[in-house]
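Residues: numbered from 1 along the sequence shown.
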Amino acid sequence: MVTVLDCIERIPSVIEDILARQEDAFGPFMDEIAASIDRIDEIVFIGSGTSNTAAVTSQVFVEKASGICTKIALPNNYAQEAFNVNPDALYVFTSQTGTSKVVCQVMENLRAKGCLCLSMTEAPDTKLAGLSPSHVCLNCGKEEHLMRTIGYVASVLNHMLLGMKLGLRKGHITQEQYGAWLQEAGRVPDSHRVITKQARSWFQRNKYQIIRSKCVIFTGTGALYGVALEGAVKFWEMPQVISTGYELEEGMHGPNYGYDGNHCIVVFNDGGRESDKALALARYMKEVFHNGLVVGVGTVDEQDLQLDLRGGDFACLEFSAVPQIMAYDLAVDSGRDISKLIDHTLMYSYFNTHA
């Protein structure tokens with residue numbers, strides 16, 4: 001039986017496969033848009049759930065690499081006919097299974113308006129791929145569990161590759177910069193394998209801090225805000241623990257007044273310009289409420305998880321292993337069997353978001 005842990009441990013090989021097959025995956029699309037690429041003045045990522053958090057994670061890099069203004073939209077934002085549509089945008093629809101109902105609906109709506117649309121799904125024969133004039137395969141394979149771990153990383157990486165390829169084609173980045181980023185991405189798989197093992201050992205030493213908390217709050221800046229949001233989703237999905245994710249600055253503009261010892265704050269720190277602020281929040285939670293943890297480059301004490309990151313701009317993919325492992329191990333320790341397929345028939349009798 002394939003477990004969620006098996007899926008997490010399969011991520012490095014999936015990354016390697018995506019990088020090996022990227023030219024075949026993106027080649028047809030890049031040829032299709034060759035004549036219209038100069039008109040693209042905006043990239044809009046559209047998706048729900050993990051596809052949305054993947055877009056939040058990749059947005060900053062995609063804008064940096066492509067030189068094109070990049071934003072994220074929930075599908076319902078475009079489900080209304082009156083919504084303002086940019087005719088010169090590239091609309092990127094991400095849905096791992098390609099069956100998200102509203103995503104498919106919006107694809108049909110925007111395609112009918114003549115918009116430039118691209119779908120990213122796990123296979124070329126998904127419903128969304130069939131509705132789309134252009135498609136890029138995520139090359140993530142079929143993931144056995146609804147708690148997506150492989151799909152999140154595959155979506156983030158493919159978004160980032162899209163930004164690089166658009167930037168290279170538009171002359172925004174050089175071939176040398178493109179190659180340097182590919183080298184960074186190529187270092188992620190081995191690092192991910194190491195971090196996965198580190199995270200398991202670290203979490204077993206610190207899990208009771210999580211267990212005794214009424215709420216777990218993940219926070220980070222830039223791409224790590226997306227990792228924080230995805231961590232919160234995974235904590236709801238797997239161990240069914242109340243959780244949320246905040247961008248670091250936003251989490252310190254209101255929510256911070258409500259923090260107390262019942263809240264475990266998990267700070268993702270990449271050592272960048274917001275590092276001092278991130279560590280200040282961690283120290284506050286540790287020293288005042290005895291309930292804070294840091295994951296990343298700079299740490300506060302022996303309870304924290306110090307990471308040796310190798311992926312440069314792709315470090316978000318390395319970070320993502322930590323909340324995934326935390327969620328999985330916490331579910332197992334709490335007695336929730338997520339290794340078997342869970343019957344959601346009753347829930348689907350009320351609503352079903354996928355075709």
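Ser132 contributes no side-chain N or O that, together with a main-chain N or O of Ala129, makes up a donor-acceptor pair within less than 3.5 Å. Glu144 places no side-chain N or O within 3.5 Å of a backbone atom of Cys7 that could act as its donor or acceptor partner. For the pair His145 (side chain) and Val2 (backbone), a donor-acceptor distance under 3.5 Å is present. With hydrogens and angles ignored, the 3.5 Å screen pairs a side-chain donor or acceptor of His290 with a backbone N or O of Lys286. Looking only at distances, no side-chain donor or acceptor of Asp304 sits under 3.5 Å from a matching main-chain atom of Thr299. When atom types are taken as modelled, the side chain of Asn269 and the backbone of Ala278 share no donor-acceptor pair closer than 3.5 angstrom. At distances below 3.5 Å, at least one donor-acceptor pair connects side-chain atoms of Glu143 with backbone N or O atoms of Thr149. Of the possible polar contacts, one joining the Ser213 side chain to the Gln209 backbone as a donor-acceptor pair under 3.5 Å is found. The backbone N or O of Glu249 lies less than 3.5 Å from a partner atom in the side chain of His253, making a donor-acceptor pair. Under a 3.5 Å cut-off, the side chain of Arg283 and the backbone N or O of Val300 do not form any donor-acceptor pair.
Legend: side-chain hydrogen bond (donor to acceptor under 3.5 Å, both in side chains) pairs involving residues 309-327, not counting sequence neighbours, sorted by first then second residue: Lys64-Asp313, Trp181-Asp313, Ser191-Glu318, Asp308-Arg310. Pairs of residues two or more places apart, or lying in two chains, that qualify as side-chain hydrogen bond (donor to acceptor under 3.5 Å, both in side chains) and include a residue from residues 28-37 are Glu32-Ser134.
For Pro75, the side chain to side chain contact (heavy atoms under 4.5 Å, CB included) test picks out Ile46, Ser48, Val102, Val103, Val106, with sequence neighbours left out. Partners of Glu247 under the salt bridge (Lys or Arg N to Asp or Glu O under 4.0 Å) rule, at least two apart in sequence or in another chain, do not exist in this structure. Every residue two or more places apart in sequence or in another chain that forms a salt bridge (Lys or Arg N to Asp or Glu O under 4.0 Å) with Asp88 is listed here: Arg39. Contacts of Tyr152 classified as ring-ring contact (aromatic ring centres under 6.0 Å, His included), with partners at least two apart in sequence or in another chain: none. With sequence neighbours excluded, the residues satisfying side chain to side chain donor-acceptor pair (under 3.5 Å) with Asp41 are Asn86. Under the salt bridge (Lys or Arg N to Asp or Glu O under 4.0 Å) criterion, Arg193 pairs with Glu16, Asp190, not counting sequence neighbours. Among residues two or more places apart in sequence or in another chain, the side chain to side chain donor-acceptor pair (under 3.5 Å) test is passed with Lys207 by Gln204, Asp333. Judged as a side chain to side chain contact (heavy atoms under 4.5 Å, CB included), and not counting sequence neighbours, the contacts of Met347 are His344, Phe351.
Looking at Val295 and Phe319, their side chains come closer than 4.5 Å, going by heavy atoms from C-beta outward. Contact annotation: the side chain of Asn206 approaches that of Leu293 to within less than 4.5 Å [non-hydrogen atoms, C-beta and beyond]. The closest side-chain heavy-atom distance from Asn139 to Val14 is not below 4.5 Å. The shortest distance between side-chain heavy atoms of Met30 and Leu166 falls below 4.5 Å. Under the 4.5 Å side-chain criterion, counting only non-hydrogen atoms from C-beta, Lys101 is in contact with Asn352. Taking 4.5 Å as the limit, every side-chain heavy atom of Thr57 sits out of range of all side-chain heavy atoms of Met160. Looking at Met326 and Leu330, their side chains never come closer than 4.5 Å, going by heavy atoms from C-beta outward. For the pair Trp202 and Ile325, the minimum side-chain heavy-atom distance is 4.5 Å or more.
At a cut-off of 3.5 Å, with distance as the only test, no side-chain donor of Tyr328 or Lys234 sits close to an acceptor on the other residue. If you check the side chains of Thr121 and His135, you find a donor sitting under 3.5 Å from an acceptor.
A side chain to side chain contact (heavy atoms under 4.5 Å, CB included) with Ser119 holds for exactly one of Leu131, Leu128, Thr94, Val92; it is Leu128.
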Subject >> side chain to side chain contact (heavy atoms under 4.5 Å, CB included) between Cys140 and Gln96, intermediate numbers included >> reply: CA-CA 9 Å; Cys140 59; Gln96 186 172 349; 4.0 Å; yes

**OP:** With side-chain hydrogen bond (donor to acceptor under 3.5 Å, both in side chains) as the test, would you mind laying out the steps for Thr50 and Glu230 before giving the verdict?
**Re:** CA-CA 7 Å; Thr50 288; Glu230 179 62 12; 3.2 Å; yes

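Contact check on Arg148 versus Glu237 returns no salt bridge, with no Lys/Arg side-chain nitrogen under 4.0 Å from an Asp/Glu carboxylate oxygen. Under 4.0 Å is where a charged nitrogen must lie from a carboxylate oxygen, and between Arg10 and Asp6 no such pair does. Using a cut-off of 4.0 Å between Lys/Arg side-chain N and Asp/Glu carboxylate O, Asp260 and Lys214 are scored as not salt-bridged. A salt bridge is absent between Glu108 and Arg111: the closest approach of a Lys/Arg side-chain nitrogen to an acidic carboxylate oxygen does not fall below 4.0 angstrom.
Residues Val267 and Tyr257 fall into different hydrophobic clusters, defined by Ile, Leu, Val, Met, Phe, Trp and Tyr side chains chained together at heavy-atom separations under 4.5 Å.
When every heavy atom of Ala282 is checked against every heavy atom of Val294, the shortest pair comes out as CB-CG2, 3.3 Å. Nearest heavy-atom pair across Cys115 and Val85 is SG-CG1, 3.4 Å. Contact record, Thr70 with Gln59: O-NE2, 2.8 Å, taken as the closest heavy-atom pair. Closest approach of Ser243 to Phe235, counting heavy atoms only: OG-CB, 3.4 Å.
In summary, the aromatic rings of Phe45 and His159 are positioned with their centroids under 6.0 Å apart. Taking the centre of each ring, Tyr284 and Tyr259 stay at or above the 6.0 Å mark.
With side-chain heavy atoms closer than 4.5 Å counting as contact, directly or through intermediates, the hydrophobic cluster containing Trp236 also holds Ile242.
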With a 3.5 Å cut-off and sequence neighbours excluded, list the donor-acceptor pairs that the side chains of residues 215-226 form with protein atoms.
residue : atom : partner : partner atom : Å
Thr219  : OG1  : Tyr246  : O            : 3.0
Thr219  : OG1  : Leu248  : N            : 3.4

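In this structure, Leu168 CG and Met164 CE are separated by 8.5 Å, a value rounded to the nearest 0.5 Å.
Around NZ of Lys127, the count of heavy atoms belonging to other residues, nucleotides or ligands within 6.0 Å does not exceed 12.
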